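Okay, so here's the structure we're looking at.
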Amino acid sequence: MPRFYVTTPIYYVNDAPHVGHAYTTVNADALARWHRLAGDEVFFLTGTDEHGDKVARAAKENGASPTDWVDATSRRFVEAWRGLNISNDDFIRTTEPRHRVAVQSFLQRVYDNGFIELGTYSGWYCVGCEEYKDTSDLLEGRVCPHHRRPVEWLEEENYFFKLSAFSERLVDFYERHPDAIRPPGRRNEVLGFIKGGLQDISITRTSTTWGVPVPWDAAHVFYVWYDALINYVTAIGYGQDDERFVSWWPAVHHLLAKDIVRFHCVWWPAMCMAAGIDPPGHLVVHGWLLVGGERLSKTRIASAAGNADKAGPLSLTEIAPEALTEDFGVDAVRYFLLRDTAFGADGDFSYEGITSRFNADLANNLGNLMARVAMVVASKCKGVGPKPDPASRLQSVSAGAVADAISAWNDAQPHLALEATWRLIHETNSELESAEPWKCEPGPVVDAVLGSALEVLRIVSVLTWPAMPEVCAEIWRRLGLPGSPDGCRVPADTAWGGYPGGLVVEKGAALFPRRAR
RNA sequence: GGCGGCGUAGCUCAGUCGGUAGAGCACACGGCUCAUAAUCGUGGGGUCGCGGGUUCGAGUCCCGCCGCCGCUACCA
């Protein structure tokens, strides 16, 4: 059985879950759900990144122990994902014992292989930022641009990862696997960066104890990024269950936003090579959601997010997913995130944007189709859904849409998959207009038209299940079908003719009540 | 500065190997009234950023310019 391993980055617990996190996570979830429909064995991983001095300090400021602090902050992500119907199979936390074991095992291997050595890290350090600054980033008089205070020269003994040893191997790997990084523009950026020459990087800290201890030197803990990336192998048993590990690795799909490309596309593959395992197979990079739209939209989003009093424009990171799902419903938010932005490109996030998608796609097209079909079935077929017409024009329309949707889902392009699916909805509305079953006497002609429309709704609820599981299950139920779309298999259950007929069709309330404006 | 990308209808964008410009949304008009003032049909003459060049012919190739954006190492 084919396997599909998909990950999100693990989210840093100092952030509150926001729409940017939700964007990546919903995309990963939709892909996971799609591959489950396809019959693949799926492992969908997300989690939280909980080490680093910033976390330790935040805990202290809040009068909590680091452990209590990360327990509380990590839980917010668990709850946010529950609220968005995220179907992750595992939720990893870097403070878990299994992760400490994996990190120590992984990096001990890298050390044993000779790719870690002791060195001195020195540079201009900003106490406020808690990080070293490049001289080119500093203002006049060696002042930190963020904190407006002078930086200090620090030297620290650190262990270094010999990243420089992997330039050629990385280039070679990416040239032999041209699809390893998508989209191609990101791949080119990475190749350009690598070819520009790689420097060794420090991977341990002595300035904090809130991290994974370096097994061969108790004075150090691993730098948080080095610890974090390894989560991807921890969760599938690295260092603890080799049989399980090799069954999932390296055919992984890492979803990530463009700002963390280097960590995932340069550091992480090199680390894997250094540890003697294959680099990750698929790095899928997407853009950022940007807050755009009119001033009104910001006001309304601010209002929805409980930030109505905040002055000035609202940033994406201030918008809580719960504020949106309360307002629009889980399915509509998921649909917007998946449909409105071409995966890979930057997208615009606005209240108008969601409202527009909600009304045009969900209320007017999908919801209304369900309502009008159910109504006519009630009046012309005594509420019992007829069989689809094998010769319906919609049969070939459906076949085309299904093929396109399958291809797009398989290619991690949800917006195209949904676009193709909605083409089928549109054609079905069109077909109803020309057949006008509500004007006809009950009989075979009416049955053929309505049965075909019901069949479209069945197929649509399978194709759309990865995006909107709740409403698809509801449509399924209203069609009188047993179970739910998640019991289906693609492509078998998207073939024309699957609706058996003879089932009681329920009208029900509007699936997506149209919204004002 | 260097490398890369983009600039097409009000908005978001498609435009394969060069051959008289397309989709969705929005808008307008018409039809229908089964349906959530929903739906269906029709309507897009936009210097394809600007200026040159190659060609029988260029949004589509080449050069220059303007504008915008990405990357150019230790931020999760």
Side-chain angles (χ1 to χ4, degrees), chain A residues 9-15 21 48-52 54-55 94 121 123 129-134 136-137 146 158 160-161 163 183-203 205 223-229 256-263 266-267 287 292-293 339-342 345-348 352-353 356-357 359-380 415-416 419 422-423 425-440 446 449-450 453 507 509-515:
Chain A
I10 49 174
Y11 303 116
Y12 203 55
V13 285
N14 273 11
D15 284 342
H21 299 121
T48 43
D49 184 8
E50 306 185 1
H51 284 133
K54 287 184 189 177
V55 173
T94 56
Y121 192 86
C129 297
E130 289 191 274
E131 66 190 38
Y132 288 94
K133 296 288 178 184
D134 196 90
S136 62
D137 293 333
H146 297 119
N158 280 330
F160 280 72
F161 174 58
L163 184 63
R186 296 295 168 195
R187 171 179 186 268
N188 293 339
E189 276 182 15
V190 169
L191 276 171
F193 178 80
I194 296 169
K195 287 174 179 172
L198 297 177
Q199 298 170 17
D200 297 341
I201 34 187
S202 72
I203 62 166
R205 297 287 123 100
Y223 172 51
V224 62
W225 256 117
Y226 264 66
D227 153 7
L229 289 163
L256 56 136
K258 62 185 185 180
D259 55 325
I260 51 176
V261 163
R262 183 176 317 128
F263 304 109
V266 181
W267 291 13
R339 173 66 186 87
D340 206 60
T341 299
D346 287 349
D348 284 310
E352 282 85 347
S356 174
R357 284 292 175 193
N359 284 339
D361 295 0
L362 303 183
N364 297 352
N365 283 302
L366 176 58
N368 186 54
L369 178 62
M370 177 75 239
R372 71 195 303 203
V373 170
M375 199 61 167
V376 183
V377 167
S379 64
K380 299 291 178 181
H415 67 294
L416 294 178
E419 185 180 55
W422 257 251
R423 220 165 56 222
I425 293 171
H426 171 260
E427 290 297 326
T428 304
N429 273 317
S430 180
E431 185 68 12
L432 288 173
E433 289 295 326
S434 61
E436 298 185 304
W438 46 86
K439 282 187 177 176
C440 307
V446 167
V449 171
L450 294 176
K507 167 81 165 65
L511 257 16
F512 297 99
R514 191 181 159 82
R515 316 190 111 240

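Reckoned from all heavy atoms, side chains included, excluding hydrogens, waters and symmetry mates. Note on naming: letters A, B, ... go to the chains in the order of the sequence lines (proteins, then strands), and numbering restarts at 1 for each one. These figures come from a predicted structure and were not determined experimentally.
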### Message
Once hydrogens and angles are ignored, does a donor-acceptor distance under 3.5 Å link the base of B:rG31 to the side chain of A:Glu433?
### Response
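Yes.
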Would you measure the distance from the [atom1] atom in [N] across to the matching atom in [M] and give it in whole Å?
| N | M | atom1 | value |
| --- | --- | --- | --- |
| B:rG57 | B:rG19 | C1' | 6 Å |
| B:rC32 | B:rG41 | P | 15 Å |
| B:rG52 | B:rG46 | P | 22 Å |
| B:rC56 | B:rA14 | C1' | 28 Å |
| B:rA35 | B:rC25 | P | 23 Å |
| B:rG7 | B:rG15 | P | 10 Å |
| B:rG49 | B:rA9 | P | 9 Å |
| B:rA26 | B:rA37 | P | 15 Å |

Base, sugar-phosphate or nothing for [X]? Non-hydrogen atoms, less than 4.0 Å.
| X | value |
| --- | --- |
| A:Asp15 | base |
| A:Gly347 | nothing |
| A:Leu198 | base |
| A:Ile10 | nothing |
| A:Lys439 | sugar-phosphate |
| A:Tyr223 | sugar-phosphate |
| A:Ala228 | nothing |
| A:Leu163 | base |
| A:Gly192 | nothing |

Looking only at heavy atoms, which two atoms of [X] and [Y] are closest? And how far apart?
| X | Y | result |
| --- | --- | --- |
| A:Cys440 | A:Val446 | CB-CG2, 3.4 Å |
| A:Thr94 | A:Ala228 | CG2-CA, 4.4 Å |
| A:Leu432 | A:Pro437 | O-CD, 3.6 Å |

Polar atom pairs (N or O), protein with nucleotides 4-6 of chain B, under 3.5 Å:
none

### Query
Partners of A:Asp15 by side-chain hydrogen bond (donor to acceptor under 3.5 Å, both in side chains), sequence neighbours excluded?
none
### Query
Given pairs defined as Watson-Crick or G-U wobble with both distances under 3.5 Å, what dot-bracket annotation applies to RNA chain B, with ( ) intrastrand, [ ] crossing, | other strand and . unpaired?
(((((((..((((.....[..)))).(((((.......))))).....(((((..]....))))))))))))....
Given atom [atom1] of [X] and atom [atom2] of [N], what is their separation to the nearest angstrom?
| X | N | atom1 | atom2 | value |
| --- | --- | --- | --- | --- |
| A:Leu362 | B:rU39 | CG | C1' | 16 Å |
| A:Trp422 | B:rU12 | CH2 | P | 23 Å |
| A:Glu352 | B:rC11 | CD | C1' | 12 Å |
| A:Asp200 | B:rA73 | CG | P | 16 Å |
| A:Leu432 | B:rG41 | CG | P | 12 Å |
| A:Asn429 | B:rU36 | CG | P | 13 Å |
| A:Met370 | B:rC34 | CE | P | 18 Å |
| A:Lys507 | B:rA38 | NZ | P | 16 Å |

Partner set under side chain to side chain contact (heavy atoms under 4.5 Å, CB included) for [X], not counting sequence neighbours:
| X | result |
| --- | --- |
| A:Ala371 | A:Lys507 |
| A:Asn14 | A:Tyr12, A:Lys54, A:Val55, A:Ala58, A:Trp69 |
| A:Asn188 | none |
| A:Glu431 | A:Arg393, A:Leu394, A:Ser434 |

### Message
Between A:Arg514 and A:Asn368, does the side-chain contact (heavy atoms from CB on, under 4.5 Å) criterion hold? Intermediate values first, please.
### Response
CA-CA 10 Å; A:Arg514 191 181 159 82; A:Asn368 186 54; over 6 Å; no
Of the listed nucleotides [options], the one nearest the side chain of [X]:
| X | options | result |
| --- | --- | --- |
| A:Ala371 | B:rC74, B:rC75, B:rA35 | B:rA35 |
| A:Tyr121 | B:rU36, B:rC74, B:rC34 | B:rC74 |
| A:Arg372 | B:rC32, B:rC74, B:rC34 | B:rC34 |
| A:Ser202 | B:rU36, B:rC40, B:rC74 | B:rC74 |
| A:Asn368 | B:rC34, B:rG70, B:rU36 | B:rU36 |

### Query
Which distance, rounded to the nearest 0.5 Å, do you find between the CH2 of A:Trp422 and the CG of A:Asp361?
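The CG atom of A:Asp361 is 6.5 Å from CH2 of A:Trp422, to the nearest 0.5 Å.
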Under 3.5 Å, sequence neighbours excluded: what are the donor-acceptor pairs made by side chains of residues 189-199 of chain A?
from, atom 1, to, atom 2, distance (Å)
A:Glu189, OE1, A:Arg186, NH1, 3.3
A:Glu189, OE2, A:Arg186, NH1, 3.3

### Task
Hey, which sits more toward the 5' end of RNA chain B by its nearest nucleotide, A:Val224 or A:Ala363?
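Nearest nucleotide further toward 5': that of A:Ala363.
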### ring-ring contact (aromatic ring centres under 6.0 Å, His included) partners for A:Phe512, two or more places apart
A:Phe358
### Message
Please enumerate all residues that pass ring-ring contact (aromatic ring centres under 6.0 Å, His included) together with A:Tyr121, with sequence neighbours excluded.
### Response
A:Tyr132
### Distance below 4.0 Å between A:Ser430 side-chain N/O and B:rU39 OP1 or OP2
no
Does [X] use its side chain to pair, donor to acceptor, with the backbone of [Y] at less than 3.5 Å?
| X | Y | answer |
| --- | --- | --- |
| A:Asn365 | A:Ala360 | yes |
| A:Thr428 | A:Ala453 | no |
| A:Asp49 | A:Tyr11 | no |

Please write out each protein N/O paired with an N/O of nucleotides 22-30 of chain B under 3.5 Å, distance rounded to 0.1 Å.
none

### Task
Before giving the answer on side-chain hydrogen bond (donor to acceptor under 3.5 Å, both in side chains), spell out for A:Arg515 and A:Asn359 the whole-Å C-alpha distance, their side-chain angles and the decisive distance to 0.1 Å.
CA-CA 7 Å; A:Arg515 316 190 111 240; A:Asn359 284 339; over 6 Å; no
Which protein N or O atoms sit under 3.5 Å from an N or O of nucleotides 14-16 of chain B?
none

